[in-house]
**Q** 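Structure in structure tokens, see below.
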Amino acid sequence: MSMSNHPKAYGTAAIAVAFMAGVLLTLGFKDFYPDLERRYQRRRGQPPNSSDSRPGSTYLPPVKLEDHTRSARQSMVGLPTPQNPEGVEGIIGNTPLFKIKSLSEATGCTILAKAEFLNGAGGSPKDRVALNMIALAEEEGLLTPGRGDTIYEGTVGSTGISLATLARAKGYKAYICMPNDQSTEKSDLLHHLGAEVERVTPAPITSTEHFVNLARTRAKEHTASSKDESRGFFADQFESIANYKAHFQTTGPEIWQQTGGQLDAFIAGAGTGGTISGISLFLKHEMGMWGDLKVVLADPEGSGLYNKVKHGVMFSNTEKEGTRRRQQVDSIVEGIGINRLTENFEAGRELVDDAVKVTDLQAMQMARWLVEKDGIFVGSSSAVNCVAAVATAMNMPKGSRIVTILCDSGTRHLSKFWKKVGELGLEEEHGQTDLLKLLGIKDER
């Protein structure tokens with residue numbers, strides 16, 4: 001039977017043949033498409049597309065190559081490559097100075113805080129001191145990296161933490177002697193930093209068992225008995241002039257720059273005395289502020305420095321021998337307060353104009369206030385400084401600018417200071433809005 005007898009089948013076959021022919025023509029002539037396009041463009045007077053000059057069988061979309069090398073990025077940004085700090089010691093100092101809003105509003109003065117808890121090694125102003133003491137010891141040949149030397153120190157915590165951190169960073173070991181009445185967070189941290197810690201019973205400074213004297217003894221024993229060339233170095237933060245000079249050379253200039261020299265009072269506590277002396281010496285001596293700046297000592301319970309500044313004697317009648325336990329345990333505050341005159345405090349003592357005695361209760365109330373009102377979580381010595389800053393503000397004209405120090409975070413004071421805050425029920429919100437009434441401070445203006 002012929003195809004002509006079935007026109008419908010013929011038509012279907014014809015369509016199929018035509019379709020296959022179209023496919024073959026397309027595949028066969030696809031390489032000529034670029035040439036046809038160029039001819040068409042020339043006829044219309046358009047310039048040919050140079051990107052289509054490749055043979056059709058290998059034609060790909062144009063690829064734009066970009067220079068992503070470091071030098072190209074740098075030239076595009078137009079900035080020099082920044083110099084990054086070298087090692088953990090490179091992120092010590094240049095801490096921010098910020099306004100504590102609630103204290104400023106309550107007093108009518110601008111109260112500024114130097115956030116020393118943001119120092120990058122041990123998280124306190126002792127980072128500056130530790131770094132300077134190590135640097136000075138290296139210059140004098142008392143410490144040599146990689147020799148196996150050990151740094152010994154008697155401390156209530158913060159200086160030891162800074163020394164332990166920097167000792168590891170700079171190739172030394174650390175041995176810390178500290179009273180056993182200090183918060184356990186500090187000794188635990190020292191252990192994790194690789195330091196050897198010896199916790200001792202609090203004793204008078206005249207005793208060989210006092211934590212400072214014990215550290216000095218341990219350093220001598222190391223040097224005398226060492227079977228190798230390693231030495232024991234006693235950092236001696238209380239008497240080493242590298243302490244106050246660290247603040248004279250760094251903290252003081254930073255405060256001057258950050259305030260533009262516009263400050264009326266500086267408030268700080270004293271443990272070794274290096275912070276208040278170094279900063280006062282820079283601001284008053286170096287920058288010539290003298291009578292334009294009021295320097296105020298913040299002193300906790302159990303310390304004799306308040307009486308020394310106010311009355312010229314170390315103890316009041318209530319603190320004389322046999323009537324008071326003149327140990328740090330007299331106060332829940334750690335890090336500041338002492339009953340002897342150190343070389344560092346003496347360096348700037350004549351520049352201290354006034355002193356404020358701060359009770360444990362005031363310190364705890366201030367610490368809780370800063371959390372509730374400002375979201376600032378600090379340790380005991382920082383709280384004492386802030387109470388003294390408020391008390392000082394109430395004796396100065398409104399609008400005065402007052403600078404104080406926030407020494408360390410409250411995370412180092414959980415088991416002692418902040419535990420006591422909780423036990424007294426101070427962490428319960430009572431809706432207190434009158435700071436002066438809360439602290440029992442009068443407005444003397």
Side-chain angles (χ1 to χ4, degrees), residues 87-95 114-140 142-143 151-170 172 174-178 182 186 189-190 193 195 211-212 215-216 219 233-255 266 268-283 334-338 341-349 379 381-382 385 404-409 412:
V88 71
E89 59 268 38
I91 50 176
I92 294 174
N94 295 311
T95 56
K114 184 80 165 140
E116 285 293 277
F117 60 87
L118 293 179
N119 276 302
S124 80
K126 297 302 184 180
D127 281 0
R128 302 174 187 264
V129 175
L131 184 62
N132 204 38
M133 289 193 299
I134 292 174
L136 183 60
E138 289 176 336
E139 290 176 8
E140 296 176 350
L142 300 176
L143 283 173
I151 300 172
Y152 291 81
E153 183 60 300
T155 168
V156 296
S158 292
T159 304
I161 292 168
S162 296
L163 281 171
T165 304
L166 289 168
R168 286 298 181 182
K170 297 179 74 65
Y172 306 109
Y175 189 106
I176 306 301
C177 296
M178 65 186 301
Q182 301 303 293
K186 293 179 180 179
L189 179 54
L190 284 166
L193 289 170
F211 62 97
V212 172
R216 181 187 290 107
F233 168 68
F234 176 51
D236 199 12
Q237 60 166 327
F238 288 91
E239 308 302 333
S240 172
I241 62 173
N243 184 339
Y244 84 81
K245 284 189 174 182
H247 295 291
F248 179 85
Q249 294 165 355
T250 65
T251 324
E254 287 173 25
I255 290 174
F266 171 66
T272 63
T275 302
I276 193 168
S277 289
I279 293 173
S280 299
L281 282 166
F282 178 81
L283 295 176
E334 297 179 7
I336 58 174
I338 194 171
L341 294 176
T342 67
E343 188 73 23
N344 282 282
F345 187 73
E346 283 287 78
R349 180 165 64 90
S381 56
S382 300
N385 285 346
T404 192
I405 304 291
L406 296 187
C407 307
D408 57 8
S409 167
R412 290 186 185 169

**Q** Look up atom NZ in Lys114 and atom OG1 in Thr275, then write down how far apart they are to the nearest 0.5 Å.
**A** 12.0 Å
**Q** Nearest 0.5 Å please: distance from the CG atom of Asn385 over to the CZ atom of Phe266.
**A** 8.0 Å
**Q** Grab the two heavy atoms, one from Asn243 and one from Gly274, that are nearest each other, plus how far apart they are.
**A** OD1-CA, 3.3 Å
**Q** Would you call Glu239 and Arg216 a salt bridge, taking side-chain N to carboxylate O under 4.0 Å as the test?
**A** no
**Q** Please tell me if the side chains of Asn119 and Ser124 come closer than 4.5 Å, counting only heavy atoms from C-beta onward.
**A** no
**Q** From Asp236 CG over to Asn344 CG, what is the distance, rounded to the nearest 0.5 angstrom?
**A** 9.0 Å
**Q** Please report the closest heavy-atom contact between Ala164 and Ala195, naming both atoms and the distance.
**A** CB-CB, 3.9 Å
**Q** Is there any side chain to side chain donor-acceptor pair (under 3.5 Å) pair reaching into residues 153-164, and which pairs are they, with sequence neighbours excluded?
**A** Asp127-Ser162, Thr159-Gln237
**Q** Are Leu136 and Lys245 close enough that some pair of their side-chain heavy atoms sits under 4.5 Å apart?
**A** no
**Q** Compare every heavy atom of Cys407 with every heavy atom of Ser382, then report the nearest pair and how far apart it is.
**A** OG-N, 2.7 Å
**Q** Tell me the closest heavy-atom pair linking Ser277 and Arg349, and the distance in Å.
**A** OG-N, 4.4 Å
**Q** Just so I know, are the side chains of Ile338 and Phe345 near enough to count as touching, which here means a heavy-atom distance under 4.5 Å?
**A** no
**Q** What is the minimum heavy-atom distance between Ile176 and Gly160, and which atoms define it?
**A** CD1-CA, 3.7 Å
**Q** Could you walk me through whether Asn132 and Tyr244 pass the side chain to side chain contact (heavy atoms under 4.5 Å, CB included) check?
**A** CA-CA 10 Å; Asn132 204 38; Tyr244 84 81; over 6 Å; no
**Q** With heavy-atom distances below 4.5 Å as the criterion, would you say the side chains of Leu193 and Arg168 are in contact?
**A** no
**Q** How long is the gap from CG on Leu283 to CD1 on Ile255, to the nearest 0.5 Å?
**A** 6.0 Å
**Q** If you define the side chain from C-beta out and look only at heavy atoms, does anything of Phe211 sit under 4.5 Å from Val156?
**A** yes
**Q** Within a strict 4.5 Å, meaning less than it, do heavy atoms of the Ile161 and Lys126 side chains meet?
**A** no
**Q** Report the residues that fulfil ring pair (Phe, Tyr, Trp, His ring centres under 6.0 Å) with Phe282, sequence neighbours left out, ordered by chain and then residue number.
**A** Phe248
**Q** Return the minimal non-hydrogen interatomic distance between Ile276 and Ala268, and the atom names on each side.
**A** CD1-O, 3.6 Å
**Q** Do Thr250 and Ile92 make a side-chain contact, defined as non-hydrogen atoms from C-beta onward lying under 4.5 Å apart?
**A** no
**Q** Mind checking whether Arg128 and Thr95 have side chains closer than 4.5 Å, heavy atoms only?
**A** yes
**Q** Quick one: NZ on Lys170 to CG on Leu143, what's the gap to the nearest 0.5 Å?
**A** 10.0 Å
**Q** Quick one: CD1 on Ile151 to CE on Met133, what's the gap to the nearest 0.5 Å?
**A** 8.0 Å
